[in-house]
Amino acid sequence: MSDLLAEKIQELAEQQAQQAREQQTRHLDQEVAAALVTPPEEPPSNAALLKLQVEVDLLREQLEQRRTENAILRDRSTFLREEQEHIKMYRRKYSSRVFWLKVL
């Protein structure tokens, strides 16, 4: 019972963390889109243009890094869930065998 409760709590914590990461990724998406779509009001000098380009490149890099982190965490979460299912399956399979062995 406590194992099931601990697993549910862990799953909820993982879901909340995933939602927070996705929200940050959406925020970065919006920043990149705003940087790409919004034209400057006056023609920028080369230095200002360079600064904007560096900011856009940095935002793109951060966005790609967040997407990669999300994919890695999603894969890790799936692996852990599958591993827990295997453990449960083996417990069910061998617990009755151990019981009957003790009885005998």
Side-chain angles (χ1 to χ4, degrees):
M1 177 97 166
S2 64
D3 290 339
L4 182 62
L5 183 60
E7 289 175 18
K8 289 294 182 184
I9 291 172
Q10 183 181 2
E11 285 179 21
L12 287 174
E14 288 175 4
Q15 288 175 354
Q16 288 176 346
Q18 180 70 21
Q19 289 173 352
R21 286 188 296 275
E22 288 173 359
Q23 185 178 7
Q24 289 174 343
T25 303
R26 281 193 299 273
H27 180 68
L28 284 174
D29 278 338
Q30 291 171 353
E31 286 184 14
V32 168
L36 294 175
V37 173
T38 309
E41 295 175 2
E42 59 186 47
S45 65
N46 286 340
L49 192 60
L50 217 60
K51 182 181 176 187
L52 284 175
Q53 186 61 39
V54 168
E55 288 176 1
V56 168
D57 289 342
L58 180 63
L59 287 173
R60 282 183 181 159
E61 187 176 319
Q62 288 175 350
L63 178 63
E64 189 59 36
Q65 183 179 6
R66 294 288 171 109
R67 286 180 177 161
T68 304
E69 288 173 1
N70 285 344
I72 289 170
L73 289 173
R74 202 175 312 119
D75 290 343
R76 182 174 180 249
S77 176
T78 302
F79 172 77
L80 290 175
R81 226 176 286 117
E82 289 173 357
E83 189 67 25
Q84 288 175 350
E85 288 300 318
H86 287 297
I87 290 170
K88 286 179 190 177
M89 181 184 70
Y90 285 117
R91 282 183 182 169
R92 277 189 231 117
K93 181 178 179 180
Y94 291 108
S95 62
S96 64
R97 293 177 183 181
V98 170
F99 171 77
W100 287 111
L101 183 64
K102 281 188 161 189
V103 169
L104 291 176

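Residues take their numbers from the sequence shown, with the count starting at 1.
In this structure, CZ on R26 lies 8.5 Å from CD on Q19, to the nearest 0.5 angstrom. Atom-to-atom distance recorded for R60:CZ and L63:CG is 10.0 Å, nearest 0.5 angstrom. Note that OG1 of T68 and CD of E64 are 4.5 Å apart. Values are rounded to the nearest 0.5 Å.
Between the side chains of E22 and Q18, a donor-acceptor pair is found at a separation under 3.5 Å.
Counting heavy-atom neighbours within 6.0 Å of K51 NZ, excluding the residue itself, gives a total of 12 or less. Enclosure of atom CD in E61 is not indicated, since only 12 or fewer non-hydrogen atoms of other residues, nucleotides or ligands lie within 6.0 angstrom.
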* When you look at E69 and Q24, which way does the side-chain contact (heavy atoms from CB on, under 4.5 Å) test go after all the steps? -> CA-CA 12 Å; E69 288 173 1; Q24 289 174 343; over 6 Å; no
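Proximity of L59 to Q62: side-chain heavy atoms (C-beta onward) are separated by under 4.5 Å at one or more points. Within the 4.5 Å cutoff, side-chain heavy atoms of Y94 are placed close to those of R97.
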Side-chain donor-acceptor contacts of residues 70-79 below 3.5 Å, not counting sequence neighbours, with atom names and distances?
residue, atom, partner, partner atom, Å
N70, OD1, R21, NE, 3.4
N70, ND2, T25, OG1, 3.2
S77, OG, E14, OE1, 2.9
S77, OG, R81, NH2, 2.8
T78, OG1, R74, O, 2.9

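A side chain to side chain contact (heavy atoms under 4.5 Å, CB included) with I87 holds for exactly one of E85, M89, R91; it is R91.
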